**Q** 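One structure coming up, written as structure tokens, with questions to follow.
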Amino acid sequence: MTPLLIPRRRLMTAAAATGLTAATGLAAAPGGRPAHAATTATDQVAGWYRRRVGDAIVTVASDGWLDLQPISLLGTNAPEDELVALLDANFLPTDRAVGYINVTHVQIGGRSVLIDAGGGVNSGFEALGRLADTLALAGIEAASVDTIVLTHAHPDHSFGILDDAVTGLRFPNADYALAAAEHDFWTAEETLATAPAEIQGMVQGIAATLQAVAERTRFFAPGDEVVPGLTAIDTGGHTPGHVSYRIADGDAQLVVVGDAAVHPIISLTHPDWSFAFDMDGAAAAASRRRLLDLLAADRIPALAYHFPFPGIGHVAADGAVWRWVAEPFDWTP
Ligand SMILES: [Zn+2]
């Protein structure tokens, strides 16, 4: 394959300068393979998990985790004492949060589909980049993936499209699908021109990643059936073209939430609190409420990208808000 002509330095610089990195103060990944390849007594592995949706086979594969701090990232418009009290009441740390990276693979109708691509080692978060290894452990080789659909293009969801060296494609045989609104936003000259300085690197990195696969990408509108059995649901607000995906086979369904909800306590009990990376807080909150309402009313199980691994459970109505009920482990998928 012809090497992609993406200057490595540009992407590395982009990763180092992402708004995420700047906001969290984390160092960018060193660019090499993370140490997870070696097993030591102190290694931890979220791994993979398998569940059926009708005849479709869903595999959740971990790309690693994000260290989110300060804690105010979880609710930029939240009174900090309320946020801290809520986390403490739920036996969670009050100074930082873990964002899990639960990537969904679905075998449906003869297709091998990945929903999001993880962040790889160049996203600006140092504990990412495990996806290809985790998929291989689950028996899914990168070369067997034929379609990659994105919920949105933030680095922790899209930078895993490219390999560690940023010179080739991690999934060499895949075609891509992305909401047209998402592609148009990140690749518009105006977006870069008007972006605050601290996120210009991120914008450039996303645009370069999307452009690297542009000839392999199909663009869709929310509501479209993107792959047979896989329909995009409009959950714009986190980013302009953010979508969630409904996987359906017969009566069986599972909704892959993406970043429409990012925390099992905060997103469900305080849906109007903005996540720091919600680009339009009001629109994100409205989408979150609409999606949570749908999941609760129709009793559809959900798979959330940043919830504790594997991120599968039910959304239950609880007065005017919701609560998360993790699904028990399935030993007989
Ligand atoms: Zn995310």
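Positions are given from 1 along the sequence. None of the values given here were measured: they were computed from a predicted structure. Just so you know, ligand 1 is whichever comes first in the structure, and atom 1 is the first atom listed for that ligand. FYI, side chains are in, hydrogens and waters are out, and symmetry mates aren't considered; it's all heavy atoms of this structure.
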**Q** Run the ring-centre check on His306 versus His263 and record whether the distance is less than 6.0 Å.
**A** no

**Q** Would you say His238 has an N, O or S atom lying under 2.8 Å from the Zn ion (ligand 1)?
**A** no

**Q** To the nearest 10 degrees, could you say what angle the Zn ion (ligand 1) makes with NE2 of His157 and OD2 of Asp259?
**A** 90°

**Q** Taking backbone and side chain together, does His306 place any N/O/S atom at a distance below 2.8 Å from the Zn ion (ligand 1)?
**A** yes

**Q** Salt bridge between Asp67 and Arg96, side-chain N to carboxylate O under 4.0 Å?
**A** yes

**Q** Would His105 and Ser112 count as a side-chain hydrogen bond (donor to acceptor under 3.5 Å, both in side chains) if you check the C-alpha gap in whole Å, the side-chain angles of each, and the deciding distance to 0.1 Å?
**A** CA-CA 7 Å; His105 176 272; Ser112 173; 2.8 Å; yes

**Q** Rounded to the nearest 0.5 Å, what separates atom CE in Met279 from atom CG in Asp259?
**A** 12.5 Å

**Q** Restricting to N, O or S atoms of Asp156, which is nearest to the Zn ion (ligand 1)?
**A** OD2

